[in-house]
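Only one structure is covered here, and it is reproduced in the block below.
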Amino acid sequence: MADSAQQQLLHLVLGGELTDLGGTKFKDLDKVEVVGVFPNYATAYAAWKAKAQQTVDNAHMRYFIVHLHRLLDPGQDAKPS
């Protein structure tokens, strides 16, 4: 298979209740939910959207997509394909 077909751009989806609507500080780190690690942005986005919709009634609840591939290989986005 071609390298592009096997390329994994890992993404982490996590969330929890925030202390402030304008920030990213979690109210209780013991209650932060790790939704999962996903092989690409599209699947991570689908998981993020599903979790966000489940908690729409709580304004302080937020879910985030973390681009793990950027942390693991910071120069990866700059490399030519």
Next on the checklist: Strictly by side chain to side chain donor-acceptor pair (under 3.5 Å), give each pair with a member in residues 23-34 just once, sequence neighbours left out.
Outcome noted: Glu33-Lys51, Glu33-Tyr63
Item to check | Pairwise salt bridge (charged side-chain N to carboxylate O under 4.0 Å, His left out) hits with a residue in residues 53-68, at least two apart | outcome: none
Checklist entry - Which atom pair, heavy atoms only, marks the closest approach of Trp48 to Val13? => result CA-CG1, 3.9 Å
Checklist entry - Val66: what forms a side chain to side chain contact (heavy atoms under 4.5 Å, CB included) with it, not counting sequence neighbours? => result Leu12, Leu14, Leu68, Leu71
Next on the checklist: Grouping I, L, V, M, F, W and Y whenever their side-chain heavy atoms are under 4.5 Å apart, do Val37 and Val32 come out in a common cluster?
Outcome noted: yes
Item to check | Side chain His11, main chain Leu9, donor-acceptor under 3.5 Å | outcome: yes
Checklist entry - Got a second to check how far Tyr41's OH is from Ile65's CD1, nearest 0.5 Å? => result 4.0 Å
Next on the checklist: Could you report the tightest heavy-atom contact between Ala47 and Val35, atom names first, then the distance?
Outcome noted: CB-CG1, 4.2 Å
Item to check | side-chain hydrogen bond (donor to acceptor under 3.5 Å, both in side chains) against Thr19, all qualifying residues, sequence neighbours excluded | outcome: none
Item to check | Point-to-point distance, once rounded to the nearest 0.5 Å, from CZ of Phe64 to CZ of Phe26 | outcome: 5.0 Å
Checklist entry - Considering residues at least two apart in sequence or located in another chain, which fulfil the side chain to side chain contact (heavy atoms under 4.5 Å, CB included) criterion with His60? => result Glu17, Leu21, Asn58
Checklist entry - Other hydrophobic cluster members with Val56, side-chain heavy atoms of Ile/Leu/Val/Met/Phe/Trp/Tyr under 4.5 Å, chained? => result none
